[in-house]
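Residue numbers start at 1 and run along the sequence shown. The shown structure was predicted, so the numbers you read here are calculated from the model rather than taken from an experiment.
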Amino acid sequence: MSPVEFALALALLLLTPGPTNTLIALAGAERGFLGALRLVPFEAAAYGLVTVPLAVVGSHYLADHGPLRTGLTLIAAIWVAYLAVRLWRLPADAMGPQQNGALKLFITTLTNPKGLVIGLVLLPSQASLGWAAASFLALLMAVSAFWAGLGSLIAGGTSLKPLARRACAGWLGVLALWLAAHGLAAA
């Protein structure tokens with residue numbers, strides 16, 4: 001895969017709405033654009049903890065251990081379902097930055113299936129892991145800024161925040177079902 005193809009594939013994957021992007025958008029709605037950007041280092045750290053080890057050794061190991069990959073996918077589905085239920089049940093007056101914090105984003109990103117694709121497929125496709133990781137970090141910051149901005153624009157008014165939370169909860173529920181179906185189909 002050429003560097004341009006790598007960057008395009010990575011950008012498209014990162015832009016895809018998923019659990020991490022949903023939480024960044026929700027943080028944009030709750031905290032505003034700059035407040036949501038303060039969470040990006042936690043997202044980057046979680047992705048780094050997943051993708052770099054996978055790129056270095058995991059691609060060879062998980063290729064031979066399908067049940068482990070299935071298990072990781074099902075764990076991600078359970079976590080995303082938990083987030084969806086928790087967001088849906090949260091009272092409207094409880095909205096605030098404390099409900100969508102760094103730890104929740106960090107754990108969600110650790111279990112995000114995109115990390116598997118990035119670490120097992122995209123990063124190993126490049127001759128230089130350092131260049132690939134730096135490109136990944138740059139694209140991650142740009143995409144996170146996009147989602148934070150989108151969240152702050154859509155739910156900038158206080159009357160839209162409960163609606164944005166419910167929409168994010170619904171989307172996370174759909175993602176959890178898709179992950180569970182995908183994980184069980186691979187088993």
Side-chain angles (χ1 to χ4, degrees), residues 6-52 76-119 122 132-179:
F6 166 78
L8 182 59
L10 187 56
L12 291 175
L13 179 64
L14 287 173
L15 279 168
T16 303
T20 298
N21 289 339
T22 301
L23 290 182
I24 290 288
L26 186 58
E30 293 174 351
R31 301 168 181 236
F33 179 72
L34 293 176
L37 288 184
R38 289 187 189 106
L39 296 174
V40 175
F42 297 96
E43 176 188 10
Y47 268 131
L49 285 172
V50 171
T51 60
V52 173
I78 291 167
W79 174 254
V80 172
Y82 165 77
L83 288 175
V85 169
R86 183 133 183 211
L87 277 175
W88 190 269
R89 290 184 173 174
L90 190 66
D93 60 351
M95 284 291 288
Q98 71 281 3
Q99 297 300 326
N100 187 22
L103 181 61
K104 190 179 288 183
L105 180 68
F106 183 81
I107 292 170
T108 299
T109 304
L110 280 176
T111 62
N112 192 330
K114 289 179 188 179
L116 295 175
V117 174
I118 294 164
L122 294 177
S135 299
F136 170 50
L137 183 59
L139 284 168
L140 177 69
M141 290 188 296
V143 168
S144 295
F146 168 78
W147 283 103
L150 186 64
S152 66
L153 287 175
I154 290 174
T158 56
S159 64
L160 290 178
K161 287 181 182 180
L163 178 62
R165 178 182 42 82
R166 287 283 172 103
C168 288
W171 179 247
L172 287 173
V174 169
L175 289 173
L177 291 172
W178 180 83
L179 283 170

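- Between L14 and F136, the closest side-chain pair of non-hydrogen atoms falls below 4.5 Å.
- Among all heavy-atom pairs drawn from A44 and L137, the shortest one is CB-CD1, 3.8 Å.
- In this structure, G101 and L39 approach most closely via the heavy-atom pair C-CD2, 4.1 Å.
- Heavy-atom minimum distance, T108 versus P19: CG2-CB, 3.6 Å.
- Side-chain atoms of S144 and E43 include a donor-acceptor pair closer than 3.5 Å.
- Here the options are V50, N112, V52, L13, the test is side chain to side chain contact (heavy atoms under 4.5 Å, CB included), and the partner is I118; only L13 passes.
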Applying side-chain contact (heavy atoms from CB on, under 4.5 Å), run through L49 and F106 and close with a yes or a no.
-> CA-CA 10 Å; L49 285 172; F106 183 81; 3.6 Å; yes

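- Atom OG1 of T51 is separated from atom NZ of K114 by 13.5 Å, given to the nearest 0.5 angstrom.
- Considering L110, V143, L105 in turn, L105 is the only one that fulfils the side chain to side chain contact (heavy atoms under 4.5 Å, CB included) rule with T20.
- Taking every heavy atom of both residues into account, G28 and A36 meet most closely at N-CB, 3.5 Å.
- Between the CG atom of L116 and the OG1 atom of T111 there is a distance of 9.5 Å, given to the nearest 0.5 Å.
- For the residue pair A9 and L122, the shortest heavy atom distance occurs at CB-CD2, 4.0 Å.
- Atoms OG and CG, on S152 and L37 in that order, are 9.0 Å from each other to the nearest 0.5 Å.
- Nearest heavy-atom pair across P41 and R38 is CD-O, 3.4 Å.
- Using modelled atom types, one side-chain atom of N21 and one backbone atom of T16 make a donor-acceptor pair closer than 3.5 Å.
- The environment of CZ in F146 is crowded: more than 12 heavy-atom neighbours from other residues, nucleotides or ligands sit within 6.0 Å.
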